[in-house]
Protein chains: 2
Amino acid sequence: MTSFGQYLRQLRETRHAAAQAADVGRYTLRSVAANAGLEPSYLSKIERDIQPPPSEAKVRALAEALGEDADVLLALAGKVSGDLLEAIRKRPQLFAHIIRELKDMPDHAVLRIVREVRDGQW
Amino acid sequence: MTSFGQYLRQLRETRHAAAQAADVGRYTLRSVAANAGLEPSYLSKIERDIQPPPSEAKVRALAEALGEDADVLLALAGKVSGDLLEAIRKRPQLFAHIIRELKDMPDHAVLRIVREVRDGQW
DNA sequence: CAGAGCGTGTAGTACACACTACACACCATG
DNA sequence: CATGGTGTGTAGTGTGTACTACACGCTCTG
């Protein structure tokens, strides 16, 4: 399993290389830290898994700065997005039930449900 | 909104009265605390909302001791069950998507989906 | 070879979390 | 009137969370 730090560093280095090739946009540790609003040394430690992942807000800021999906990054950070938690807390039994039903199903089955729901014949 | 503490106390007092009427089983603060594995004074403070809700494990133990649904009690405690979090973290985008789709739907619509899923033609 | 820019090391902070231990005051009962 | 059981008050503890501030050493460029 890739750790949060490993993933973050790899992601940044990929962006860095791509930005070199292209033109603008810098993906140095310092500039990413600045864009995401945290101290460079802090980010350095996070990327090397010396510090645990930061708060949800900072993870979101990092996702934004690196062009990555926030939910994915949050998951790697061992967290779940606050708005999802809120939704579950509002109707705990309902959501507990449905999540437990779906958790052992293969992706394609769940995806099919998602699509059915979105197409909205409910 | 009923607080966690208020709810807990009310629940315990209800059980207490019922147990009086019936026969066995004690629902004093001390005995519930003992059954759930925490200090009486701690539970006392929790029931009066002087202390914040305890850890997930303790909330579960309280639910067990009081015959209440753990997910409901956890929700009142502002928490979400760890197994649900784990399921979401394993497939963050998938579950984020489906929860966000469902969160604004009325109960009956969600329930219908739950049933369809359980009846398993997926 | 000075200076900019890069990543990193060390130190420390403020606060919340999750509790325990023990003493106390009250009430009813034998 | 002492004893058992009830809820509560006070105090303190260890651990994690979530960071900041600042200094250091390396490398590349002008």
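Proteins come first, then strands; the chains are lettered A, B, ... in the order of their sequence lines, and each starts at number 1. Note that the coordinates shown come from a computational prediction; the quantities given were computed from them, not determined experimentally.
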Query raised in the report: For the pair made of CD in A:E39 and C1' in D:dA21, what is the distance, rounded to whole Å?
Result: 7 Å
Requested in this report: Could you check which of C:dG9, C:dA21, C:dT20 has an atom nearest any side-chain atom of B:L38?
Outcome: C:dT20
Query raised in the report: For the residue pair A:D49 and A:S3, what are the closest heavy atoms and their distance?
Result: OD2-OG, 2.6 Å
Query raised in the report: Are OP1 or OP2 of C:dC19 and a side-chain N or O of B:Y42 less than 4.0 angstrom apart?
Result: yes
Query raised in the report: Is it true that B:R60 and B:E64 make a salt bridge, defined as a side-chain N closer than 4.0 Å to a carboxylate O?
Result: no
Query raised in the report: Rounding to a whole Å, what distance do you find between B:L43:CG and C:dA18:P?
Result: 16 Å
**Report entry** Per A:R9 side chain, nearest of listed nucleotides C:dC6, C:dG7, D:dT6
**Finding:** C:dG7
Report task. Please determine if a side-chain N or O atom of A:R12 lies less than 4.0 Å away from the OP1 or OP2 oxygen of C:dC6. Result -> no
Report summary line: Between CZ of B:F4 and P of C:dA18 the distance, given in whole Å, is 12 Å
Query raised in the report: For D:dT6, does OP1 or OP2 lie under 4.0 Å from any side-chain N or O of B:R26?
Result: yes
Report task. Determine, for A:E86 against A:K90, whether the closest basic-nitrogen to carboxylate-oxygen distance falls under 4.0 angstrom. Result -> yes
Requested in this report: Take atom CG of A:L29 and atom P of C:dC6, then tell me their distance rounded to the nearest Å.
Outcome: 10 Å
Query raised in the report: Once you round it to whole Å, what is the distance between C1' of D:dG5 and NE2 of B:H16?
Result: 11 Å
Query raised in the report: A:R30 CZ to C:dG9 P: how many Å, rounded?
Result: 13 Å
Query raised in the report: Taking only side-chain nitrogens and oxygens of A:K58, does any of them come within less than 4.0 Å of OP1 or OP2 of D:dT17?
Result: no
Report task. With side-chain hydrogen bond (donor to acceptor under 3.5 Å, both in side chains) as the test, would you mind laying out the steps for B:E68 and B:Y7 before giving the verdict? Result -> CA-CA 11 Å; B:E68 175 59 295; B:Y7 186 84; 2.2 Å; yes
Query raised in the report: Regarding A:T28 and A:S31, is there a side-chain donor-to-acceptor distance under 3.5 Å anywhere?
Result: yes
Query raised in the report: Atom CG of A:L94 and atom CD1 of A:I88: how far apart are they, to the nearest 0.5 Å?
Result: 11.0 Å
Report summary line: Rounded to whole Å, the CD-P distance (B:E13 to D:dT6) equals 14 Å
Requested in this report: Could you check which residues of residues 44-55 of chain B get a heavy atom under 4.0 Å from DNA chain C? Sort them by number, please.
Outcome: B:K45, B:Q51, B:P54, B:S55
**Report entry** A:S41 side chain near C:dG9 phosphate (N/O to OP1/OP2, under 4.0 Å)
**Finding:** no
Query raised in the report: Should A:R100 and B:D71 count as an ion pair when the cut-off is N to O under 4.0 Å?
Result: yes
